[in-house]
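Single-structure report; data block below.
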Amino acid sequence: MSLAIWILGLFCLVGIVQSYKLTGIRSGNKTDLPTISIIGGTPASAGEFPYMALLHLDGALCGGTLIGDSVVVTAAHCLGSSNSSLPYYTVYLNTLSIDGDGDGSIVRGVSSFVKHENHSGGYNDIALLFLNETVTTIAYAPLPVDDSPVEPTEIPPTTKKPTTKKPTTKKPTTKRPTTKRPTTKRPTTKRPTTKRPTTRKPTTTKPRTTRRPSMRAFPDYANAAAVVTGWGIISNEGGASEKLLKADVTILDNTVCTSQYGNLFDGFAMLCAGGDGTDTCSGDSGGPLLVNGVLVGITSWGGALCADPDHAGGYTRVSSYVDWIANTQANNPNLVS
Ligand SMILES: *[C@@H]1O[C@H](CO)[C@@H](O)[C@H](O)[C@H]1NC(C)=O
Ligand SMILES: *[C@@H]1O[C@H](CO)[C@@H](O)[C@H](O)[C@H]1NC(C)=O
Ligand SMILES: *[C@@H]1O[C@H](CO)[C@@H](O)[C@H](O)[C@H]1NC(C)=O
Ligand SMILES: *[C@@H]1O[C@H](CO)[C@@H](O)[C@H](O)[C@H]1NC(C)=O
């Protein structure tokens, strides 16, 4: 059950080859929707991925994930550049059908969206959609949490003599390290060239993670079993899936991703994952990569072919964007609640 990670984003990342697909998908009407969907997948069951969002975006098909009562996270490359498309954006939840119907299906409009300001192709490929009405009957997908050990706050030495009072058993306050990672973003001008990643020599670069120390202790998810879901195309030649599909993939070590994509892969901000004949593909973009039900990735990009054993699918590494998500939500207070 591999999803071809090819998705729209992929195209962007890889360059010209992909962008034509992106264009195709985005400009298509419903009947033009790519017929590929998660490759090697099996049908999801009702209620299995309640937070899975089906996005009909002015003719384009994408996935998304409900992370708050009126917030869906998706891939920035799924979205247009202005608010003019908003009337043509529709979000469906709790549905298995690509038409968004079915018992209990929920439909929402989009009142605004925010793309990462430094999005470019597969880089910073993340966006939030703010729904026009809240959704209160569906469980949200949890975001990754920092799993660094909790450090007790230092208790300042008191000059006071110990009184007879019972020592206030101050619980060590579980302060999370607020040390933000240095925002040493690489210039977004480093757009991937038109070269396909396959042409890159595997050993050209070290994973960027070695250059950008993260102060946060999120797991790296290397070798973790993950699930991808979507309505995207089900083969490299096929059309979109009528039904929501899911597939198992394994998150690869950053060094493996780098060996496949060279410096197009940024291990700090991306994940790559592959499977045995499974992958995400066109139309799956924006959908979730889940590890134990936690949203760790957003389907973003891939090689020229989906489910290519030598080119894993690329995902936005959600743990690197938890601050962005929180700030963006805070700066865009939900108008409907
Ligand atoms: C959608 O695409 C199909 C096939 O290309 C075309 O026949 C149809 O007229 C299009 N519909 C709209 C509303 O553009
Ligand atoms: C969309 O609308 C919001 C609110 O009116 C505005 O702040 C924002 O700049 C608009 N975005 C674009 C891309 O025009
Ligand atoms: C929200 O959008 C949906 C889908 O477009 C629409 O059916 C519904 O009436 C909208 N709700 C409000 C409060 O505008
Ligand atoms: C976008 O890039 C600029 C320039 O590198 C940087 O100052 C800014 O913090 C970046 N924005 C985000 C949200 O990371």
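Whatever order the structure lists ligands and atoms in, that order sets their numbers, starting from 1.
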Decide whether Asp99 and Tyr92 meet the rule of one side-chain donor and one side-chain acceptor closer than 3.5 Å. no
Establish whether atom 2 (O) of ligand 3 and some protein heavy atom are separated by less than 4.0 angstrom. yes
Mind listing the closest non-hydrogen atom pair of Val145 and Phe218 along with its distance? C-CE2, 3.3 Å
Which of the atoms of ligand 4 are close to Glu117, meaning less than 4.0 Å from one of its heavy atoms? 10 (C), 11 (N), 12 (C), 13 (C)
Can you pull out the closest protein heavy atom to atom 7 (O) of ligand 3? Residue, atom name and distance to 0.1 Å, please. Val107 CG1, 4.8 Å
Test side-chain contact (heavy atoms from CB on, under 4.5 Å) applied to His119 and Thr316, Asp125, Ile126, the passing residue: Asp125
Check: Asp101/Ser97 side-chain N/O donor and acceptor closer than 3.5 Å: yes
Look only at the side chain of Trp231 and the backbone of Leu96, and say whether a donor-acceptor pair between them is shorter than 3.5 Å. yes
Can you sort out which atoms of ligand 3 are near Glu133, meaning under 4.0 Å from one of its heavy atoms? 1 (C), 8 (C), 10 (C), 11 (N), 12 (C), 13 (C)
Considering only non-hydrogen protein atoms, determine which one is nearest to atom 4 (C) of ligand 3 and report residue, atom name and distance to 0.1 Å. Gly109 N, 3.6 Å
Please state which protein non-hydrogen atom is closest to atom 14 (O) of ligand 3 and give its distance, to 0.1 Å? Asn132 ND2, 3.4 Å
Other residues, nucleotides, ligands: >12 heavy atoms within 6.0 Å of Asp103 CG: no
My understanding is that we take every heavy atom of each candidate and find the minimum distance to atom 6 (C) of ligand 4. Doing that for Ile126, Thr328, Asn118, which one comes out nearest? Asn118
Quick one: which ligand 4 atoms are inside 4.0 Å of a heavy atom on His116? 12 (C), 13 (C), 14 (O)
